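Remember, it's a predicted structure, so these values are computed and weren't measured experimentally. Sequence lines set the chain letters: A, B, ... in the order given, protein chains first and strands last, and positions in each chain run from 1.
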2 protein chains.
Amino acid sequence: MHLCHEHEVCVETALATADQICEERGVRFTDIRRRVLELVWENHGSAKAYDLLERLGGEYSAKPPTVYRALEFLQENGLVHKINSLNAYVGCSHPLQHKDCFFLICSRCNEVQECCTEPVANAVWQMAAKRHFKPRHTTLEIEGQCQQCQVQN
Amino acid sequence: MHLCHEHEVCVETALATADQICEERGVRFTDIRRRVLELVWENHGSAKAYDLLERLGGEYSAKPPTVYRALEFLQENGLVHKINSLNAYVGCSHPLQHKDCFFLICSRCNEVQECCTEPVANAVWQMAAKRHFKPRHTTLEIEGQCQQCQVQN
DNA sequence: TCGAAAGGGTTACATTATAACATTACTTGC
DNA sequence: GCAAGTAATGTTATAATGTAACCCTTTCGA
Ligand SMILES: [Zn+2]
Ligand SMILES: [Zn+2]
Ligand SMILES: [Zn+2]
Ligand SMILES: [Zn+2]
């Protein structure tokens, strides 16, 4: 993962957005949920559920269901995505702005960039339409190397 | 899963292709590997590792590593793909013809169609290029409903 | 204020996957 | 053919990931 100039800003923004979304949706952004989201946002990589659990530590007498329930809530509300190819979770960098989010995942530094460009969504949609397939959810995860890691090799 | 007119043909073709590929690559298409591939091809849905294990039954005194090793071999040689969003495996319908394969996954009948159209691959590649990201492997899994299932609803 | 619904604690367990080491089978050079 | 090396498989144990079920507490709306 590469340096993020002022990562506190990323975290604060994410939490503030989450507050707002939960407010709007009339769902409860409880302490545990907030804390898990904060941990997920600790950096721009993906976080494993059991790592989050460990980092929650004694707080909240956390056990697996504690974390999985929080993650489920966060996913349902678009605040977190699961990266299926890694069994890991990332904070969403623009919650609820897209139906599906796509990911560039650097396997050297573990950074995950979200990028949900229209052309890709369109190409996917057209491919499905051609086969009369009705998509409900698209998983698109691109594993490779980010720019900085290519340079540093 | 919907009827496949003559599914034995699918299976035979898959096994014959596998034979040929292994031959060409100078790798050993052992009994276990062949049997697991056959089981994966039992239908056009995805198969879970532990289901395969069960279906292997007493044969080969199969235990988890037996199946996972076979699956690993089959994946390495492009004969099988893992569907990450399902933790399940499907036979490849056109081994080694693409760098990455894309999937339409019907959550009603469990059928998995492989479709690796150029426009999607290009859109993905361009999105990555724009961010100077060097892709190595793309996971694209589209969950939804197939044509027949939409009709039957 | 009371009852329903949502959230969370706790235990136990299910599912998915791998490490490590022993044994067997195949290959290759002699 | 045979020895030695390599690849494949057997076997045991365990790691990693995820969920069911049950009960109690908190919140919220009537
Ligand atoms: Zn997102
Ligand atoms: Zn990187
Ligand atoms: Zn394929
Ligand atoms: Zn279907």
Side-chain angles (χ1 to χ4, degrees), chain A residues 18-19 21-40 45-77 79-90 110 139 141, chain B residues 18-19 21-40 45-77 79-90 110 139 141:
Chain A
D19 265 329
I21 285 175
C22 291
E23 170 93 40
E24 284 167 14
R25 296 189 144 202
V27 295
R28 287 161 57 195
F29 195 38
T30 62
D31 278 0
I32 293 182
R33 291 166 176 178
R34 166 179 285 271
R35 184 77 183 106
V36 169
L37 183 58
E38 206 179 344
L39 288 173
V40 164
S46 59
K48 311 279 282 180
Y50 275 74
D51 288 348
L52 295 170
L53 179 56
E54 209 172 304
R55 285 194 266 155
L56 267 179
E59 293 181 90
Y60 309 107
S61 71
K63 302 206 171 44
T66 312
V67 162
Y68 282 104
R69 283 168 182 159
L71 288 172
E72 186 184 16
F73 171 88
L74 296 168
Q75 286 176 266
E76 279 168 355
N77 292 285
L79 302 168
V80 154
H81 300 294
K82 176 167 187 184
I83 306 291
N84 285 307
S85 54
L86 298 175
N87 294 324
Y89 305 81
V90 288
N110 188 35
T139 297
E141 301 167 6
Chain B
D19 265 328
I21 285 174
C22 291
E23 170 91 40
E24 283 167 16
R25 296 190 144 201
V27 295
R28 285 162 58 195
F29 194 38
T30 63
D31 278 0
I32 293 182
R33 290 165 177 176
R34 164 179 286 271
R35 183 80 184 106
V36 169
L37 183 58
E38 206 179 344
L39 287 173
V40 164
S46 59
K48 311 280 281 182
Y50 275 75
D51 288 349
L52 295 170
L53 179 56
E54 211 173 303
R55 286 194 266 155
L56 266 179
E59 295 181 271
Y60 310 108
S61 71
K63 302 203 172 42
T66 312
V67 161
Y68 282 104
R69 282 169 183 157
L71 288 171
E72 186 184 16
F73 171 89
L74 295 169
Q75 285 177 266
E76 278 168 356
N77 292 285
L79 301 168
V80 154
H81 301 293
K82 177 169 186 181
I83 305 292
N84 285 308
S85 54
L86 299 175
N87 295 323
Y89 304 82
V90 288
N110 189 36
T139 296
E141 302 166 5

Does [X] have a side-chain nitrogen or oxygen under 4.0 Å from the phosphate oxygens OP1 or OP2 of [N]?
| X | N | answer |
| --- | --- | --- |
| B/N87 | C/dA17 | yes |
| B/K82 | C/dA17 | yes |
| B/S61 | D/dT9 | no |
| B/K48 | C/dT15 | no |
| A/K63 | C/dG9 | no |
| A/R33 | C/dG7 | yes |
| B/Y68 | C/dA17 | yes |

Checking contacts here: which listed nucleotide ([options]) is nearest the side-chain heavy atoms of [X]?
| X | options | value |
| --- | --- | --- |
| A/T30 | C/dG7, D/dG10, C/dT27 | C/dG7 |
| A/P64 | D/dT27, C/dG9, D/dG18 | D/dG18 |
| A/P65 | D/dT27, C/dT11, D/dG18 | C/dT11 |
| B/Y89 | C/dG9, C/dA17, C/dA6 | C/dA17 |

Does B/K82 reach the main-chain N or O of A/S85 with its side chain, forming a donor-acceptor pair under 3.5 Å?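 It does not hold such a pair.
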Got a donor-acceptor contact below 3.5 angstrom from the A/N77 side chain to the A/F73 backbone?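 Flag set: sc A/N77 to bb A/F73 pair under 3.5 Å.
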Shortest non-hydrogen contact from B/A49 to B/L71? CB-CD1, 4.1 Å
Separation of [N] [atom2] from [X] [atom1] (nearest whole Å):
| X | N | atom1 | atom2 | result |
| --- | --- | --- | --- | --- |
| B/L53 | C/dT15 | CG | C1' | 12 Å |
| A/R69 | C/dT10 | CZ | P | 11 Å |
| A/E72 | C/dA6 | CD | P | 13 Å |
| B/L71 | D/dA8 | CG | P | 15 Å |
| A/I32 | C/dA6 | CD1 | P | 17 Å |
| A/D51 | D/dA15 | CG | P | 16 Å |
| B/R28 | C/dT24 | CZ | P | 16 Å |
| B/R35 | D/dA8 | CZ | C1' | 19 Å |

May I ask you to verify whether the side chain of B/Y50 and the base of C/dA17 hold a donor-acceptor pair under 3.5 Å? yes
Under the criterion side-chain contact (heavy atoms from CB on, under 4.5 Å), which of A/D31, A/T30, A/L56 is the partner of A/V36?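 Answer after filtering A/D31, A/T30, A/L56: A/L56.
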Pick out which of B/L37, B/L39, B/V80, B/L74 makes a side-chain contact (heavy atoms from CB on, under 4.5 Å) with B/Y89.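 Exactly one option meets the side-chain contact (heavy atoms from CB on, under 4.5 Å) with B/Y89, and it is B/V80.
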Should we count CD of A/E23 as having more than 12 external heavy atoms under 6.0 Å? no
Checking all strands, does A/Y60 fall into the base, sugar-phosphate, or nothing category for heavy-atom contacts under 4.0 angstrom? sugar-phosphate
